Protein chains: 2
Amino acid sequence: MISIGELSRRTNVKVPTIRYYESIGLMPDPGRTEGGQRRYGQDELERLAFIRHARDLGFSIDAIRELIALAGKPGEPCERADVIASRQLAAVRARIARLRKLEAELARIAAACDGHTTGQCQVIAALGDHGLCAGSH
Amino acid sequence: MISIGELSRRTNVKVPTIRYYESIGLMPDPGRTEGGQRRYGQDELERLAFIRHARDLGFSIDAIRELIALAGKPGEPCERADVIASRQLAAVRARIARLRKLEAELARIAAACDGHTTGQCQVIAALGDHGLCAGSH
DNA sequence: CTTGTACCTCTAGCGACTAGAGAAATTAGT
DNA sequence: ACTAATTTCTCTAGTCGCTAGAGGTACAAG
């Protein structure tokens with residue numbers, strides 16, 4: 001049985017965040033000491049590690065809730081879990097594609113200020129004039 | 001002089017968002033009709049287009065505020081604007097790098113469910129066991 | 001002059017936390 | 001056994017950038 005601080009250290013999830021997860025029902029009510037402090041066991045540690053990992057991968061709290069529910073019952077859950085993971089993968093790929101466009105345009109804008117030779121600021125001009133954009137966004 | 005709805009259509013910024021920008025001081029108080037409705041001119045249209053464009057590029061409201069302030073005074077603003085844009089570019093590149101790692105791991109996880117042959121769900125197992133991850137995150 | 005749309009203000013809510021106050025419990029050291 | 005330091009407790013409110021809804025008013029077209 002470990003304290004919330006210890007759990008926090010082992011999972012890299014901040015203490016207030018653990019309590020927050022409990023408040024929204026993502027983590028179960030843990031046992032308490034006589035004095036009322038939370039004490040966690042192996043189950044909770046694993047569950048929180050799972051949550052942390054999924055959050056790192058960009059899964060929403062709701063998606064995680066669903067994944068946990070699926071993990072709870074051993075039946076034919078794989079299909080649904082696969083759908084969730086695949087959807088997440090598609091979302092990540094879309095975000096990457098979008099960010100790459102931004103990168104190209106930002107690089108162009110930042111480069112405009114290159115030698116500090118121009119009196120007029122090209123950065124601000126580029127932001128103001130959408131028509132200058134190379135890509136369409 | 002155009003209405004808020006017309007401004008919204010031309011800039012692709014939703015009406016409540018325009019009012020929100022006004023409430024936080026990002027857009028100025030516009031003129032009003034006798035009946036109290038907002039009316040905008042060319043200046044406001046350009047300013048909002050600037051804001052929209054910068055938001056699209058991921059600049060924070062605070063960064064935009066600073067850029068607008070810089071644009072207001074023609075002196076030697078280019079340096080500072082360049083710093084802001086470059087910082088934004090670096091942030092975008094960092095996000096891309098991070099997302100690429102996630103993409104790799106998600107692809108691996110989703111592929112585990114490939115032929116639906118396994119009884120045990122590999123997706124959930126992969127999320128639970130951080131040690132299975134290829135990359136370190 | 002009516003009808004229908006667009007507009008007004010205001011409050012509250014979203015996701016996913018984060019920060020702070022003030023009090024009580026636990027732990028480590030003597 | 002006592003003290004002091006650290007940790008933990010609950011609770012409220014704040015963050016960011018909007019978005020949604022209620023209930024009411026102004027404006028443009030026919």
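Within every chain, numbering begins at 1; the chains are lettered A, B, ... in the order of the sequence lines, protein sequences first and strands thereafter. What you see is a predicted model, and the numbers here were worked out from it, not measured in a lab.
Residues passing the side-chain hydrogen bond (donor to acceptor under 3.5 Å, both in side chains) test with Glu66(B) are Arg80(B), sequence neighbours excluded. Scored by the salt bridge (charged side-chain N to carboxylate O under 4.0 Å, His left out) test, Arg55(A) finds no partners at all (sequence neighbours excluded). Qualifying salt bridge (charged side-chain N to carboxylate O under 4.0 Å, His left out) partners for Arg47(B), counting only residues two or more places apart in sequence or in other chains: none. The side-chain hydrogen bond (donor to acceptor under 3.5 Å, both in side chains) test applied to Arg65(A) returns no partner, not counting sequence neighbours. Arg19(B) is linked by a salt bridge (charged side-chain N to carboxylate O under 4.0 Å, His left out) to nothing, counting only residues two or more places apart in sequence or in another chain. In this view, Gln42(A) and Glu46(A) satisfy the side-chain hydrogen bond (donor to acceptor under 3.5 Å, both in side chains) rule, not counting sequence neighbours. Legend: residues meeting side-chain contact (heavy atoms from CB on, under 4.5 Å) with Thr11(B), ordered by chain and number and at least two apart, are Leu7(B), Val13(B), Leu45(B), Leu48(B). For Glu44(B), the salt bridge (charged side-chain N to carboxylate O under 4.0 Å, His left out) criterion is met by no residue, not counting sequence neighbours.
A donor-acceptor pair under 3.5 Å links the side-chain atoms of Gln88(B) to the main chain of Leu57(B), judged by distance alone.
Between chain A and DNA chain C, the heavy-atom contact criterion of under 4.0 Å yields a 5' to 3' nucleotide range of dA16(C) to dT26(C).
Remark: P of dC16(D) and CD1 of Ile64(B) are 13 Å apart, rounded to the nearest angstrom. If you take CG of Asp62(B) and C1' of dG17(D), they are 12 Å apart, rounded to a whole angstrom.
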List, with names and distances, any nitrogen or oxygen atoms from the protein found under 3.5 Å away from nitrogen or oxygen atoms belonging to nucleotides 26-30 of chain D.
from    : atom 1 : to       : atom 2 : distance (Å)
dC27(D) : OP1    : Thr33(B) : OG1    : 2.7
dC27(D) : OP1    : Gly35(B) : N      : 3.2

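Counting only residues at least two apart or in different chains, salt bridge (charged side-chain N to carboxylate O under 4.0 Å, His left out) contacts with residues 30-42 of chain B comprise Glu22(B)-Arg32(B), Glu22(B)-Arg38(B).
Among dG17(D), dT10(D), dT8(D), the nucleotide with an atom closest to any side-chain atom of Ser3(A) is dT8(D).
The stretch residues 7-28 of chain A touches DNA chain D through Arg19(A), each having a heavy atom under 4.0 angstrom from the strand.
Between Ile4(B) and Phe59(A), the one whose closest nucleotide on DNA chain C sits nearer the 5' end is Ile4(B).
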